[in-house]
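I have placed the structure first, in the form of structure tokens, so that the comments after it can refer back to it.
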2 protein chains.
Amino acid sequence: MEKKKNEIIKHGANECPITATISVIGGKWKPPIVWLLLKGPMRYGALSKTMPEMSLKVLSKQLKELEADGIITRKVYPETPPRVEYSLTEKGAALRPALTLLSEWSETYILANN
Amino acid sequence: MEKKKNEIIKHGANECPITATISVIGGKWKPPIVWLLLKGPMRYGALSKTMPEMSLKVLSKQLKELEADGIITRKVYPETPPRVEYSLTEKGAALRPALTLLSEWSETYILANN
DNA sequence: CTGTATCCAGGGGGATACTG
DNA sequence: CAGTATCCCCCTGGATACAG
């Protein structure tokens, strides 16, 4: 059940750097996840509760991929009941400026236009 | 053959503004397309030639979606043979700062890390 | 509480041939 | 030159049940 982790680019022709980034944060639920984690670490259950429309399987998968891509870290506290906390790595936190601009763009050109 | 144009957000729960933007520029070939058009208008054939791995159907589709979302404009010159030029709208050009940061992030954290 | 396993549907994207 | 039409495959994501 090997996964290919971060496939990255491979456009052959043009090597678009944006595609590389999108392939990392472009999953359906990855933007919200990263967006939430920018405000601070969160537990698995809290993430799920905040985004109830996302199934658990998908949440797990996206978290794994984000972890594999070095965007987030997973910290397990050996307690009962178990506690798992997700937080951004330095690499992940470095996305903040870009994501902020992306957010502002949507506020200006999408939300405002409707 | 009605398409739903820009579906936009609809996460119900969290309304992530980044998801809104990703849904607009997040197609597999949309980033390269927009990235190219940031340098100036391009013809259909030129786009196809620059990205040979993208099938014509997909190019047409992505262009239509980008146009429907107001990112690009399509200008037809009534000549023989036909000439069609695609260029960014103001809205599309406004993505430049965000895309630049996205690009820089990938240069720093992906390309450099390999 | 934090996941994994299984099954399944929908859509995006690819190859190719054809059209104005 | 600039597309459209058709067929098909794969992958993402969803629902549900089960496990550590």
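Every chain is numbered from 1, with letters handed out A, B, ... down the list of sequences.
Counting heavy atoms from C-beta outward, M51(B) and I33(B) have side chains that approach closer than 4.5 Å.
Between the side chains of S60(A) and Y44(A), at least one donor-acceptor pair of N or O atoms lies under 3.5 Å. Side-chain atoms of T73(A) and S87(A) include a donor-acceptor pair closer than 3.5 Å.
Contact annotation: S60(A) does not reach the phosphate of dG3(C) (side-chain N/O to OP1 or OP2, under 4.0 Å). Between R74(A) and dT2(C) there is no side-chain N or O to OP1 or OP2 distance below 4.0 Å. Between Q62(A) and dG13(D) there is a side-chain polar atom (N or O) within less than 4.0 angstrom of OP1 or OP2. Phosphate proximity of dA2(D) to R43(B): present, with a side-chain N or O under 4.0 Å from OP1 or OP2.
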| note | With B for base contact, S for sugar-phosphate-only contact and - for none (protein heavy atoms under 4.0 Å), nucleotides 14-20 of chain D reads BB----B
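Per the geometry, CG belonging to L63(A) stands 16 Å off C1' belonging to dT12(D), to the nearest Å. Rounded to whole angstrom, the span from the CD atom of E79(B) across to the P atom of dC1(D) amounts to 13 Å. Counting to the nearest Å, the P atom of dG13(D) and the CD1 atom of I22(B) are 12 Å from each other. Put simply, NZ on K75(A) is 18 Å from C1' on dC1(C), counting in whole angstrom units. Remark: C1' of dA5(C) and NZ of K64(A) are 11 Å apart, rounded to the nearest angstrom. When rounded to the nearest whole Å, the span between CD of E65(A) and C1' of dG3(C) equals 16 Å. Separating the NZ atom of K49(B) from the C1' atom of dA2(D) is a distance of 16 Å, rounded to the nearest angstrom.
Using a 4.0 Å heavy-atom cutoff across all strands shown, Y86(A) reaches sugar-phosphate atoms only and no base atom. Heavy atoms of E85(B) sit nowhere under 4.0 angstrom from any nucleic acid atom.
Across its full length, the helix from dC1(C)-dG20(D) to dG20(C)-dC1(D) shows an angle of 50° between the axes of its 5 terminal pairs at either end, rounded to 10 degrees.
The residue among V84(A) and G26(B) whose nearest nucleotide of DNA chain C is located toward the 5' end is V84(A).
A salt bridge between R74(A) and E85(A) is absent, with no side-chain N of the basic residue lying under 4.0 Å from a carboxylate O of the acidic one.
One hydrophobic cluster holds both Y86(B) and L88(B) under the rule that ILVMFWY side chains link at heavy-atom gaps under 4.5 Å.
The minimum heavy-atom distance linking S106(B) with A20(A) is given by the pair CB-CB, 4.2 Å.
In this structure E79(A) satisfies the salt bridge (Lys or Arg N to Asp or Glu O under 4.0 Å) test together with R83(A), sequence neighbours excluded.
Put simply, the side chain of W105(A) gets close to the backbone of K91(B): a donor and an acceptor are under 3.5 Å apart. No donor-acceptor pair closer than 3.5 Å links the side chain of S103(A) to the backbone N or O of I18(B).
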